[in-house]
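Each remark here refers to the structure printed beneath this line.
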2 protein chains.
Amino acid sequence: MASQRPGPNLSRIATSLGVSVATVSNALSGKGRVSDALIERIRAHAAELGYVPSQAGRALRTGRSAVLGLVLPDIANPLFPKIAQAIEYAASAAGYGVLIADSRGDITAQTEAINRLVERGVDGMVVVPRRATRISGASCPVAVIDTASTPGNTVAADHWQGGKEIAAHLASLGHKQILIIGNNHESNVQNDRAGGIRAGLQPGMRSETLWIERLENETGAGCRLGLAKKARQGFTAFAALSDLQALRALTELQQDGISVPADVSVTGFDDLIWSPVVTPSLTTVRMDMDTIAEIAVSALVNRINESGTREGVLVTAHTERVPMQLIIRQSSGLANPAPKTSEMESL
Amino acid sequence: MASQRPGPNLSRIATSLGVSVATVSNALSGKGRVSDALIERIRAHAAELGYVPSQAGRALRTGRSAVLGLVLPDIANPLFPKIAQAIEYAASAAGYGVLIADSRGDITAQTEAINRLVERGVDGMVVVPRRATRISGASCPVAVIDTASTPGNTVAADHWQGGKEIAAHLASLGHKQILIIGNNHESNVQNDRAGGIRAGLQPGMRSETLWIERLENETGAGCRLGLAKKARQGFTAFAALSDLQALRALTELQQDGISVPADVSVTGFDDLIWSPVVTPSLTTVRMDMDTIAEIAVSALVNRINESGTREGVLVTAHTERVPMQLIIRQSSGLANPAPKTSEMESL
DNA sequence: GCGCCGCGCTTAATCGTTTAATCAATTGCA
DNA sequence: TGCAATTGATTAAACGATTAAGCGCGGCGC
């Protein structure tokens with residue numbers, strides 16, 4: 001009949017049960033002193049009415065929004081789905097919502113995005129920074145997920161160790177000459193991965209590194225990488241620093257009639273969505289994004305709970321590096337002892 | 001010195017200027033009656049203090065959170081980056097934040113995710129539904145982005161027309177036998193795309209459809225699709241219903257020594273991130289996600305603004321179908337008139 | 001028997017904003 | 001000049017939750 005605003009609130013429950021709002025609040029939160037019997041009655045009635053606390057009211061009173069921000073600055077990052085999923089899951093388990101702010105690749109847009117989140121009153125935020133950028137002090141706790149070598153990094157996959165896993169794997173298959181294929185040499189993540197590979201090489205092995213972006217600046221976007229020539233020069237393994245580059249290498253090699261893994265091996269990083277389904281399926285290294293997200297979120301939540309004064313700080317976590325896991329699939333195999341031509345070590 | 005809570009609020013500005021909070025509020029929102037001179041003074045002072053309105057206070061009073069929810073139920077959907085980016089951009093331009101809720105592929109989790117969003121008080125939400133699911137009435141406006149054939153769909157790319165573009169393109173290249181490669185025959189999107197392709201075939205052309213999920217149920221995940229055999233049977237074009245399947249087809253064909261596009265053509269859908277960089281780069285059809293997002297968001301915003309009683313309804317938009325754009329790259333070429341063996345039309 | 005303690009609940013203040021209602025002062029018009 | 005209308009501001013209530021403080025009452029100790 002005479003309907004008020006939709007959705008029951010504390011006072012509705014209170015009057016309906018003949019108690020005060022404070023008691024209802026205490027009963028539901030379990031904080032004050034309420035008799036067990038009354039707690040039961042109140043909870044039952046609240047559930048029956050389908051009561052959902054108003055985040056707005058709560059936020060206004062407590063000064064906490066129970067929302068975290070997620071800043072993903074790298075445009076159309078193929079890791080986006082996994083990261084977002086993992087962060088959302090971890091945050092949601094901790095009782096937080098996740099507000100996204102994608103700055104379309106732009107660096108100024110990154111700070112803008114961060115400001116938008118702050119204005120919306122997020123309690124903290126997770127930032128996966130655009131390469132070689134520093135997070136300007138936002139006025140709330142910030143967790144950075146990048147890589148161990150980044151100053152201020154909170155938690156990340158152990159990209160270096162991942163690289164070593166790749167190197168060890170290729171070494172065990174008898175590969176001697178490895179071409180590392182990266183995109184951008186300013187990326188801390190890619191540098192750590194490449195460094196790990198180099199550090200993991202056995203005596204008698206050597207590597208060379210090809211940066212795609214540098215090549216494309218000369219030759220144009222989407223250009224050939226010239227991998228067939230590299231194969232003829234004696235490289236038997238192509239270790240890409242991301243599955244995207246691995247895919248690019250794989251298809252170029254195949255197009256040139258070089259068989260993977262019979263002639264050469266190809267490996268990647270990240271275990272992206274296509275890795276298991278291409279032919280041959282990609283040997284890669286997977287990051288444990290769920291664990292990373294959980295660490296990042298709990299670091300944030302801890303800081304939020306302890307600090308009354310919402311200062312802007314980079315939070316730190318107990319565990320900074322989460323091990324990566326080697327996934328061996330079809331694209332890596334024994335080194336072919338007889339390369340097509342014998343120009344070995346000519347370059 | 002004696003510091004209060006951080007961040008200036010209306011009352012701080014008010015006392016500092018010797019006026020009432022209401023006047024400040026009116027001056028900033030431009031709603032009530034305030035003299036022009038005072039409006040100027042207040043705005044200047046607010047800007048100087050770096051005033052940001054409290055979303056919590058405003059939300060509590062107005063009943064609007066200025067936040068939209070985004071539900072992406074398909075696990076690790078490779079379109080996620082584009083969708084999220086586009087929605088976030090459109091929402092942000094309209095003054096809304098975007099709260100994400102990924103239900104990890106689960107259907108019950110989809111309703112759970114929707115509930116989480118509702119509990120957080122979103123004003124509306126954009127749902128990209130898991131295949132063949134209906135959105136149970138959430139208690140706020142909902143925009144559905146799927147495909148035109150889905151009941152309740154708000155706006156989507158014109159997948160059917162996209163399919164016709166592909167068919168026309170392949171027809172113009174002289175292809176007669178086309179193998180359509182889809183993942184799941186229950187997906188409305190994939191069905192519309194396949195339907196469009198079939199509808200676009202010229203007289204003398206024929207198509208067959210291969211559903212990967214059905215095949216994998218028998219043969220196991222990650223199995224071969226047997227495309228080489230299909231090629232021998234006379235199929236010269238492989239039209240995948242997503243770039244992911246196109247990539248799978250491309251690499252399998254290459255692995256079997258079949259050259260693309262010299263021997264056969266491969267096309268995809270969606271222009272995913274790897275499409276331009278694989279070799280050969282993928283001919284595909286791109287959806288105008290920015291336009292779609294803008295339509296969906298403005299439909300939501302309209303409904304939010306007109307309806308005082310936040311009812312749960314599927315909103316409708318003026319434009320329901322947004323045209324897709326054919327991107328011709330290297331993976332499609334003239335039909336090879338002489339297939340390797342001549343078992344044509346044997347199957 | 002008196003006072004104190006603690007339990008169980010209520011009262012009331014508060015967070016920051018919006019907005020209807022009100023009010024004083026000035027202007028307009030006859 | 002007197003009354004109404006308009007302008008430019010204030011006052012106060014409200015949104016829904018949390019939480020410190022208060023208060024009556026029964027039990028316990030001495």
Side-chain angles (χ1 to χ4, degrees), chain A residues 4-43 46 49-67 95 118-121 123 305 308-310, chain B residues 4-43 46 49-67 95 118-121 123 305 308-310:
Chain A
Q4 294 175 277
R5 302 264 158 183
N9 50 16
L10 283 191
S11 95
R12 192 88 55 91
I13 300 181
T15 58
S16 154
L17 253 60
V19 296
S20 75
V21 277
T23 304
V24 177
S25 172
N26 283 329
L28 293 179
S29 67
K31 282 201 169 178
R33 290 178 306 204
V34 188
S35 67
D36 291 352
L38 189 49
I39 286 186
E40 266 320 299
R41 276 214 305 150
I42 290 177
R43 293 212 169 141
L49 259 61
Y51 167 74
V52 248
S54 151
Q55 289 292 333
R58 179 176 290 171
L60 181 57
R61 175 62 225 239
T62 62
R64 299 262 144 86
S65 61
V67 170
V118 172
E119 286 178 19
R120 297 214 167 271
D123 292 338
N305 288 338
T309 83
R310 48 161 54 232
Chain B
Q4 294 175 279
R5 301 265 156 181
N9 49 17
L10 284 191
S11 97
R12 192 90 53 93
I13 300 180
T15 59
S16 155
L17 253 61
V19 296
S20 75
V21 276
T23 302
V24 178
S25 173
N26 283 331
L28 294 178
S29 67
K31 281 202 168 178
R33 290 179 303 205
V34 189
S35 68
D36 291 350
L38 190 48
I39 286 186
E40 267 321 299
R41 274 214 305 149
I42 290 177
R43 292 211 170 143
L49 260 60
Y51 167 74
V52 243
S54 149
Q55 288 293 333
R58 179 176 288 171
L60 180 57
R61 174 63 223 234
T62 62
R64 300 263 146 83
S65 60
V67 169
V118 171
E119 287 178 19
R120 296 215 168 270
D123 292 338
N305 288 337
T309 83
R310 47 163 51 231

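Each chain gets a letter, A, B and so on, in the order its sequence line appears, and its residues count up from 1.
A:Glu40 places none of its side-chain heavy atoms less than 4.5 Å from the side chain of A:Asp36. Residues A:Val24 and A:Leu17 form no side-chain contact, since every pair of their non-hydrogen atoms from C-beta on lies 4.5 Å or further apart. Within the 4.5 Å cutoff, the side chain of A:Leu49 has heavy atoms near those of the A:Ile13 side chain. Counting only heavy atoms from C-beta outward, the side chains of B:Ile42 and B:Thr23 approach each other to under 4.5 Å. By the 4.5 Å heavy-atom criterion applied to side chains, B:Leu28 and B:Arg43 are counted as neighbours.
Residue A:Ser35 places at least one side-chain N or O closer than 4.0 Å to OP1 or OP2 of C:dC9. Between B:Arg61 and D:dA14 there is no side-chain N or O to OP1 or OP2 distance below 4.0 Å. At C:dT18, none of the side-chain N or O atoms of B:Lys31 fall inside 4.0 Å of OP1 or OP2 (strictly under the cut-off).
Distance, A:Ile39 CD1 to C:dG8 P: 9 Å, rounded to whole Å. Separating the CZ atom of A:Arg33 from the P atom of C:dG6 is a distance of 9 Å, rounded to the nearest angstrom. Rounded to a whole Å, the CD1 atom of A:Ile42 is 12 Å from the C1' atom of C:dT10. Taking atom CD of residue A:Gln55 and atom P of nucleotide D:dA17, one finds them 10 Å apart after rounding to whole Å. Atom CZ in A:Arg64 sits about 15 Å away from atom C1' in D:dA17, given to the nearest Å. Atoms CD1 (A:Ile13) and P (D:dG16) sit 12 Å apart, rounded to a whole Å. To the nearest angstrom, P of C:dT18 lies 5 Å from CZ of B:Arg58.
With values rounded to the nearest 0.5 angstrom, B:Gln55 atom CD is found 12.5 Å from B:Leu60 atom CG.
Within residues 16-27 of chain B, the residues that place at least one heavy atom under 4.0 Å from DNA chain C are, in residue-number order, B:Ala22, B:Ser25, B:Asn26.
Listed candidates were D:dT18, D:dA17, C:dG16. Nearest to the side chain of A:Leu60 is C:dG16.
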